[in-house]
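Heavy-atom basis, side chains included; hydrogens, waters and symmetry copies ignored. Naming: A, B, ... by sequence-line order, numbering from 1 per chain.
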2 protein chains.
Amino acid sequence: MKSLTIGKVAGQAGVGIETIRFYEHRELIEPPPRSAAGYRQYPENTVQRLRFIRRAKELGFSLKEIKELLTLQSNPKTTCADIKQRAEMKLADIHQRIHDLEKMGSALETLVTACSADATSAECPILQALAEE
Amino acid sequence: MKSLTIGKVAGQAGVGIETIRFYEHRELIEPPPRSAAGYRQYPENTVQRLRFIRRAKELGFSLKEIKELLTLQSNPKTTCADIKQRAEMKLADIHQRIHDLEKMGSALETLVTACSADATSAECPILQALAEE
DNA sequence: CTTGACCCTGTAGTATAGTACAGTGATTAG
DNA sequence: CTAATCACTGTACTATACTACAGGGTCAAG
């Protein structure tokens, strides 16, 4: 069972060394055994775990939520429904954020359209809209 | 020319007192004159300025960007085109963020759909997707 | 004249996700 | 054997936008 130094793990997982120590501190990964000199000795599956974290982040999960997912993952009593529920909540959250951004976007779009290039700032419909009583 | 205390301004603008002091520190509003006792004495247009900031925030501008907008606003040489350019950049930024969220959302949607409720966590397609080599 | 509401400064904490040192010790290649 | 690289801890800093004190002083109503 060979072990990896933190630098090797970081390289293979595509994250920074500091990030790994940060994740250990945040309890997303287990504190690994140490060598006589105090060096962290990672089992190979740590690379997979870090990739799991990276992918979950890409799906929009926060580190806090990912920690929950990892805990669920390692619990044999966890059902697919438990995970699905989290994913659906995150999906709802994403849809809400899209909705908010679309609202912002269309409001801004209206103002941009109303704005003709060669007026002074005093006549600018964007600034006027922002300055309204 | 009557002046307002920070509490009055906060009440009328719909923001917290601490927020106003924070905005002063961040140079979004001018340091107002002080009374003999050191109390801030705001001109009435500070309320409008705070509402401007609030509305710009609702449109997705950061405080840093709002500071720029306010500087532009008070510069007589500013043209509508200057403002429009900022608004268009922000709009592009919002569209990008929507795009990113939609990508996340559809990836997650696929996984949620693949997930049937009564499997164990080991068989969960969501966890499997995250744990892939 | 007292009491409560208000205001002051300055610092520190919240949440998110790291990143960047400083200062020191260990390991490895030549 | 020595130099370069790597690892260690701990603290502080980045960005964003506040929020929460502590420990004072001030103002207005009764």
Side-chain angles (χ1 to χ4, degrees), chain A residues 2-29 31-42 46 49-70 90 93-94 97 100-101 104, chain B residues 2-29 31-42 46 49-70 90 93-94 97 100-101 104:
Chain A
K2 76 177 175 200
S3 64
L4 303 164
T5 61
I6 196 167
K8 294 278 196 315
V9 173
Q12 285 181 37
V15 301
I17 288 174
E18 308 286 351
T19 303
I20 297 176
R21 290 201 273 252
F22 175 70
Y23 286 172
E24 180 179 321
H25 181 69
R26 290 284 301 270
E27 299 180 311
L28 280 127
I29 57 175
R34 301 292 187 112
S35 71
Y39 283 26
R40 288 176 180 80
Q41 295 176 303
Y42 288 101
T46 302
R49 198 172 173 95
L50 287 169
R51 286 189 186 145
F52 182 107
I53 294 169
R54 209 190 58 208
R55 291 201 187 96
K57 266 161 53 65
E58 284 165 11
L59 289 176
F61 290 98
S62 69
L63 293 189
K64 191 179 167 191
E65 289 161 344
I66 293 169
K67 189 181 165 185
E68 284 176 21
L69 288 177
L70 287 164
K90 179 51 60 183
D93 176 48
I94 289 172
R97 278 154 70 193
D100 292 346
L101 285 170
M104 275 183 196
Chain B
K2 75 176 177 201
S3 63
L4 303 164
T5 63
I6 197 168
K8 294 279 196 316
V9 173
Q12 285 182 38
V15 301
I17 287 174
E18 309 284 352
T19 303
I20 296 177
R21 290 200 274 250
F22 175 70
Y23 286 172
E24 181 179 321
H25 182 70
R26 291 285 300 270
E27 298 179 312
L28 281 128
I29 56 175
R34 302 292 185 111
S35 72
Y39 283 26
R40 289 176 180 80
Q41 295 176 302
Y42 289 101
T46 302
R49 198 172 173 97
L50 288 169
R51 287 190 186 143
F52 182 107
I53 295 169
R54 209 190 59 208
R55 291 200 187 97
K57 267 161 51 66
E58 283 165 11
L59 290 176
F61 291 98
S62 68
L63 292 188
K64 191 179 168 189
E65 290 161 342
I66 293 168
K67 188 181 164 182
E68 283 176 20
L69 288 178
L70 287 164
K90 180 49 60 182
D93 176 47
I94 288 171
R97 279 154 70 192
D100 292 347
L101 284 171
M104 275 183 195

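Residue A:Tyr23 places at least one side-chain N or O under 4.0 Å from the OP1 or OP2 atom of C:dG18. Dashed line: the shortest gap from a side-chain N or O of A:Lys8 to OP1 or OP2 of D:dA7 is not under 4.0 Å. Not one side-chain nitrogen or oxygen of A:Arg26 sits closer than 4.0 Å to the OP1 or OP2 atom of C:dA15. Considering only side-chain N and O atoms, B:Thr19 lies under 4.0 angstrom from the phosphate OP1 or OP2 of D:dT19. For D:dT9, the OP1/OP2 oxygens have a side-chain nitrogen or oxygen of A:Arg34 closer than 4.0 Å.
The nearest whole Å value for the distance from the CD atom in B:Glu24 to the C1' atom in C:dT9 is 12 Å. Rounded to an integer number of Å, the gap from B:Ile53 CD1 to D:dC18 P is 9 Å. If you take CZ of B:Arg54 and P of D:dC18, they are 12 Å apart, rounded to a whole angstrom. In this structure, B:Glu18 places its CD atom 16 Å from P of C:dT14, rounding to the nearest Å. Nucleotide C:dC6 holds its P atom 14 Å from the CD1 atom of B:Ile20, rounded to whole Å. Per the geometry, NZ belonging to B:Lys57 stands 13 Å off P belonging to D:dT16, to the nearest Å. The separation between B:Arg21 atom CZ and D:dC21 atom P is 14 Å, rounded to whole Å. When rounded to the nearest whole Å, the span between CZ of B:Arg40 and C1' of C:dC6 equals 13 Å.
Checking side-chain atoms of B:Lys90 against main-chain N and O of B:Gly60 turns up a donor-acceptor pair under 3.5 Å. B:Arg51 places no side-chain N or O within donor-acceptor distance of the main-chain N or O of B:Gly14, the cut-off being under 3.5 Å.
A salt bridge does not link B:Asp100 to B:Arg97: none of the charged nitrogens lies less than 4.0 Å from a carboxylate oxygen.
Among all heavy-atom pairs drawn from B:Leu4 and B:Gln12, the shortest one is CD2-NE2, 4.1 Å. Shown here for B:Arg54 and B:Ala13, the closest heavy-atom pair between the two residues is NH1-O, 3.0 Å.
At the heavy-atom level, B:Ser35 lies nowhere under 4.0 Å from the strands shown.
If B:Lys64 and B:Tyr39 are placed on DNA chain D by their nearest nucleotide, the residue sitting closer to the 5' end is B:Lys64. Checking A:Ala37 against A:Ser62, the closest nucleotide of DNA chain C that is more toward the 5' end is the one next to A:Ser62.
Residue B:Phe22 places its side chain closer to D:dA17 than to any other of C:dT27, D:dA7, D:dA17.
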